[in-house]
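Side-chain atoms are counted along with the backbone in the values below, which use heavy atoms only and exclude waters and symmetry mates. Proteins get letters first, then strands, A, B, ... in listed order; numbering begins at 1 in each.
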2 protein chains.
Amino acid sequence: MAETRWLDDDEQATWRAYLEGTRLLIHALDRQLETDSGVSFADYELLVLLSEAPGHRLRMRDLADASFTSRSGVTRAVTRLEDAGWVRRVECDDDRRGMHAELTEAGAAKLAEAAPGHVSAVREHMFDHLSEADRAHIRDAYTRMRAHLLG
Amino acid sequence: MAETRWLDDDEQATWRAYLEGTRLLIHALDRQLETDSGVSFADYELLVLLSEAPGHRLRMRDLADASFTSRSGVTRAVTRLEDAGWVRRVECDDDRRGMHAELTEAGAAKLAEAAPGHVSAVREHMFDHLSEADRAHIRDAYTRMRAHLLG
DNA sequence: CGGGAATAGTTGACCGCGCAACAATGTCGT
DNA sequence: ACGACATTGTTGCGCGGTCAACTATTCCCG
């Protein structure tokens, strides 16, 4: 075991600002969506993913991969969304194990209703505080981090 | 309600890379701590906060504020840490409502054991992928965001 | 072809967290 | 000094998530 390279003051400050800012940001976005539209941030993201998919549907596994959560998490989330009427399950015809989650009209409408407020909140709490340079650095840095963590 | 300013492609890319990278990062740190030292990331952070406090103790409310979580979350977390022997509750003598959470010797030892691996993971998954400029931009940007969200 | 290995989705058990409600205590104005 | 109000920490409840185990199906290779 090599000598530990502790974080210096600047790294500490970066790490804490990032962690705490992120915690506050996600919390704020969750609250905004919940109070204004009755959707959790997690559910909102699933609706977005489905709305972008061809035919407004995705295999359960693809939804799990795309949302970076577990399969069981997706199972429960889709059940939740189905109960709300925003998603329906459709059997796969080429794989009898498979299930599609498909956005309903009501789901699309809910998304359309929730999106403007959410985007405004994302701007207000994040992008309004970023310069062009900030944004570019954040984009590139997190893209590299994500690639590393997926590898 | 004004016209919604949607996120352009670059903002979308930034937003997704950040969200997904963060999700993967936190998950990786949690797993590393859990498997190598039997501590969750959340608990680790509480131990750090206590270790930095004068007398290795903090009021419950201060611990909640410092960790950016709810009071009830801290109550349960401290109970958990108490059961593990890493923290003890100490009554406040100047406020009979008050409770201190105080790091025990075992808690300090656990922290000392877990810290090197955790810091290595933070470097490997985050700081190793950041240039000096990246870090400065992230530090400043999230510091502003945090201040805004606290305001 | 046939049978072991991989994969899809669900379920059960459990965990951690936030909110709202609560009792106990402290604070402050009049 | 007293009553209205604020604050502290805990709790009940529900949500959303993981992991491990399970069934059903598909894949793949000898």
Span of DNA chain D in contact with chain A (heavy atoms, under 4.0 Å): D:dG16 to D:dT26
Before giving the answer on salt bridge (charged side-chain N to carboxylate O under 4.0 Å, His left out), spell out for A:Glu82 and A:Arg88 the whole-Å C-alpha distance, their side-chain angles and the decisive distance to 0.1 Å. CA-CA 5 Å; A:Glu82 216 173 12; A:Arg88 66 173 144 261; over 6 Å; no
For a quick check of understanding: with a heavy-atom distance under 4.0 Å over all strands, which category does A:Arg23 fall into, base, sugar-phosphate or nothing? nothing
With sequence neighbours excluded, residues passing ring-ring contact (aromatic ring centres under 6.0 Å, His included) with A:Phe68: none
Can you sort out which residues in residues 91-99 of chain A have a heavy atom within less than 4.0 Å of DNA chain D? Ascending by number, please. A:Asp95, A:Arg96, A:Arg97
Is the side chain of A:Lys110 donor-acceptor paired with the backbone N or O of A:Gly85 at a distance under 3.5 Å, no angle test? no
Check whether the side chains of A:Asp134 and A:Ser131 place a donor and an acceptor atom closer than 3.5 Å, and report yes or no. yes
Check each residue of residues 57-86 of chain A for a non-hydrogen atom within less than 4.0 Å of any atom in DNA chain D, then write out the ones that pass by number, or none. A:Thr69, A:Ser70, A:Ser72, A:Gly73, A:Arg76, A:Arg80
DNA chain D contacts made by residues 31-44 of chain B, counting heavy atoms under 4.0 Å: B:Arg31
Determine whether a donor-acceptor pair (N or O, by modelled atom type, separation under 3.5 Å) exists between the side chain of A:Arg144 and the backbone of B:His129. yes
Test side-chain hydrogen bond (donor to acceptor under 3.5 Å, both in side chains) applied to B:Ser120 - qualifying residues, sequence neighbours left out: none
Strictly by salt bridge (Lys or Arg N to Asp or Glu O under 4.0 Å), give each pair with a member in residues 18-35 of chain A just once, sequence neighbours left out. A:Glu20-B:Arg146, A:Arg23-B:Glu45
Contacts of B:Ser67 meeting side-chain hydrogen bond (donor to acceptor under 3.5 Å, both in side chains) (sequence neighbours excluded), chain-then-number -> B:Thr69
Separation of C:dC19 C1' from A:Asp30 CG (nearest whole Å): 12 Å
Ring-plane angle category for A:His118 and A:Phe41, please: parallel below 30°, perpendicular beyond 60°, tilted otherwise. tilted
Where B:Leu63 and B:Leu58 come nearest, the two heavy atoms and their spacing: CD1-CD1, 3.8 Å
Kindly give the heavy-atom pair with the smallest separation between A:Ala141 and B:Ile138, and that separation in Å. CB-CD1, 4.2 Å
Please, which pairs that meet salt bridge (Lys or Arg N to Asp or Glu O under 4.0 Å) have at least one residue in residues 64-77 of chain B, sequence neighbours excluded? none
Will you find, in the side chains of B:Thr22 and A:Tyr18, an N or O donor that is under 3.5 Å from an N or O acceptor? yes
Overall bend - the helix from C:dC1-D:dG30 to C:dT30-D:dA1, comparing terminal axes fitted on five pairs, nearest 10 degrees: 30°
Any residue meeting side-chain hydrogen bond (donor to acceptor under 3.5 Å, both in side chains) with B:His125, in chain and number order, not counting sequence neighbours: A:His148
Of all residues at least two apart in sequence or in a different chain, which pass the side-chain contact (heavy atoms from CB on, under 4.5 Å) check with A:Glu11? A:Leu7, A:Asp8, B:Arg123, B:Phe127, B:Arg135
